[in-house]
Protein chains: 2
Amino acid sequence: MLSNACKYAIRAILYLAIHSDETTKIGVKKIAEELETPQPFLAKLLRQLTSNKLVSSTKGPGGGFFLDKNNKEKSIWDVICCIDGTHKFDKCFLGLSKCSDKNPCPVHSTVSPFKKKILNEFRDKTISKLVEEIEVEGTVISLKGFDLK
Amino acid sequence: MLSNACKYAIRAILYLAIHSDETTKIGVKKIAEELETPQPFLAKLLRQLTSNKLVSSTKGPGGGFFLDKNNKEKSIWDVICCIDGTHKFDKCFLGLSKCSDKNPCPVHSTVSPFKKKILNEFRDKTISKLVEEIEVEGTVISLKGFDLK
DNA sequence: CACAAAAAAGACAAAACGATCTTTTTTATT
DNA sequence: AATAAAAAAGATCGTTTTGTCTTTTTTGTG
Ligand code: FES
Ligand code: FES
């Protein structure tokens, strides 16, 4: 569904949403370690997010990445648009150029409701709202330190 | 979600399910034209499907691809397993190594139910059942000839 | 048998994606 | 001013995916 890049980006944003603010900035190195993602790759993604106003950053010693008030009002959907673009969600599951109720493919009726619902949730829920949920539900953005067998 | 290859394969199988049988075989050329897919690429995929018993074929003049009784009892899921493998459905939406209710990621609760539902439908519905539906509902596996603006 | 039609097989090319590395710019601290 | 820490920028590399091409094998037909 999403590219690796996009998954890293979303997790990084959530990490920043939880652990950073205007006065607590975090460097790529730390983020990459915590999320167990390739560091230079993540750096590039963070740049892209920063230039699209989804993440804030300051250079120099003590600098790093963080989310400000504005950034926290963005949504997962904004991140997806920024990194992957929307076409994956527009396209038909079987590769027809357009997914539409007008000329549905044979799996349209099973796939389409799902797509719409997820899309709405991703679009409507702000990062800060999502972080609230994370704190309540105890969900997880990294498996670092987990002992999976 | 699915690779291009897999989408082509599914559509090709559905095409064959509708238009072929033991006595009416169809060549790659025709199939590729009707589905508007790259011909040599599709040929390779059909070979793969054939060697996995999802499609039947005969060589020589008058030969071609077709679905026999057995082939029509397979499911979309079988095609996906054959071409893409299952890992895309096992993996977490945000890229955590395992998607599980045990250590859910922040979007697990919105994504997971749908994944399960779709997976079941793909697994349980045979190709022949699906073709029945296609005939009733008038869904479409190619946009060839459609005038989309 | 000779021929032609078709799939089977596999080598090869191009593009997208994933990831790394090096250099430059900015800036806080000494 | 010098230094060092950090992001910004961009060049580069490897792999996977996608797609093409050529050759071989099989087989029905005249
Ligand atoms: S038309 Fe294929 S998923 Fe909607
Ligand atoms: S754990 Fe992420 S989708 Fe299930």
Side-chain angles (χ1 to χ4, degrees), chain A residues 1-12 16 20 22-33 35-68 71 80 82-85 87-88 91 95, chain B residues 1-12 16 20 22-33 35-68 71 80 82-85 87-88 91 95:
Chain A
M1 191 68 139
L2 301 180
S3 69
N4 258 347
C6 199
K7 293 171 186 171
Y8 294 157
I10 293 174
R11 292 203 286 139
L16 288 172
S20 81
E22 277 88 345
T23 63
T24 319
K25 297 156 191 177
I26 308 179
V28 206
K29 201 171 166 184
K30 172 77 172 167
I31 306 174
E33 265 169 23
L35 300 181
E36 298 184 288
T37 62
Q39 206 237 74
F41 192 42
L42 184 62
K44 197 191 277 187
L45 294 170
L46 284 168
R47 250 174 295 166
Q48 196 174 341
L49 293 170
T50 302
S51 75
N52 281 76
K53 315 278 186 209
L54 296 177
V55 166
S56 307
S57 73
T58 59
K59 289 179 170 184
F65 296 94
F66 63 100
L67 300 194
D68 64 18
N71 301 144
I80 294 175
C82 177
I83 304 290
D84 275 354
H87 60 283
K88 275 181 196 165
K91 272 202 314 190
Chain B
M1 190 69 139
L2 301 180
S3 69
N4 257 348
C6 200
K7 293 173 187 171
Y8 293 159
I10 294 174
R11 292 203 286 141
L16 287 172
S20 81
E22 277 87 346
T23 62
T24 319
K25 297 157 191 176
I26 308 179
V28 206
K29 201 170 165 184
K30 171 78 172 165
I31 306 174
E33 264 169 24
L35 301 181
E36 298 184 289
T37 62
Q39 206 236 74
F41 193 43
L42 184 63
K44 198 190 278 186
L45 294 170
L46 284 169
R47 249 174 294 162
Q48 196 175 341
L49 293 170
T50 303
S51 75
N52 282 75
K53 315 278 187 209
L54 297 177
V55 167
S56 306
S57 72
T58 60
K59 286 180 170 184
F65 296 93
F66 63 99
L67 299 194
D68 66 17
N71 301 144
I80 293 174
C82 176
I83 304 289
D84 275 354
H87 62 284
K88 275 182 195 166
K91 273 202 314 191

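Residue numbering restarts at 1 for every chain, and letters A, B, ... go by the order of the sequence lines. Everything quoted here is computed from the prediction, not taken from an experiment.
Atom NZ of A:Lys25 sits in a crowded spot, with more than 12 heavy atoms from other residues, nucleotides or ligands closer than 6.0 Å. Annotation for A:Lys29: atom NZ does not count as buried by contact number, only 12 or fewer foreign heavy atoms lying within 6.0 Å.
Atom CZ of A:Arg47 is separated from atom P of D:dA6 by 16 Å (rounded to the nearest Å). Nucleotide C:dA7 holds its P atom 14 Å from the NZ atom of B:Lys30, rounded to whole Å. As a whole-Å value, the separation of B:Phe41 CZ from C:dA13 P is 18 Å. The CG atom of A:Leu2 sits 11 Å away from the P atom of C:dG18 (whole-angstrom rounding). Regarding A:Lys44, its NZ atom lies at a distance of 11 Å from the P atom of C:dT20, rounded to whole Å. Taking atom NZ of B:Lys25 as the reference point, atom P of C:dA5 lies 17 Å away to the nearest angstrom. The distance from atom CG of B:Leu35 to atom C1' of D:dG19 is 17 Å, rounded to the nearest whole Å. Note: CG (B:Leu42) to C1' (D:dC21) measures 16 Å, nearest angstrom.
Using a 4.0 Å heavy-atom distance criterion, B:Lys29 is classed as making no nucleic acid contact. Within the nucleic acid shown, A:Pro38 comes within 4.0 Å of sugar-phosphate atoms alone, with no base atom in reach, counting heavy atoms only. Among the atoms of the strands shown, none is found under 4.0 Å from any heavy atom of B:Leu45. Within 4.0 Å (heavy atoms only), A:Thr50 reaches sugar-phosphate atoms of the nucleic acid but no base atom. Residue contacts shown for A:Thr58 are limited to sugar-phosphate atoms, with no base heavy atom under 4.0 Å away. Nucleic acid contact class of A:Ile26 (heavy atoms, under 4.0 Å, all strands): sugar-phosphate only.
Not a single donor-acceptor contact under 3.5 angstrom links the side-chain atoms of B:Lys59 to the base of D:dG28.
Of the two residues near DNA chain C, B:Ala43 and A:Tyr8, the one whose nearest nucleotide lies more 5' is B:Ala43.
Here the side chain of B:Ser57 is nearest to one of D:dA7, D:dT20, C:dA7, namely C:dA7. Checking C:dG18, C:dA4, D:dA8 against every side-chain atom of A:Asn4, the shortest atom distance belongs to C:dG18. Relative to the side chain of A:Pro61, the nucleotides C:dA7, D:dA8, D:dA4 differ in distance, and D:dA4 lies closest.
In terms of heavy-atom proximity, A:His87 sits nearest to A:Asp84 at CE1-O, 3.0 Å. Smallest separation of non-hydrogen atoms from B:Ala9 and B:Ile83: CB-CG1, 3.9 Å.
A distance of 11.5 Å separates CG of B:Asn52 from CG of B:Asn71, quoted to the nearest 0.5 Å.
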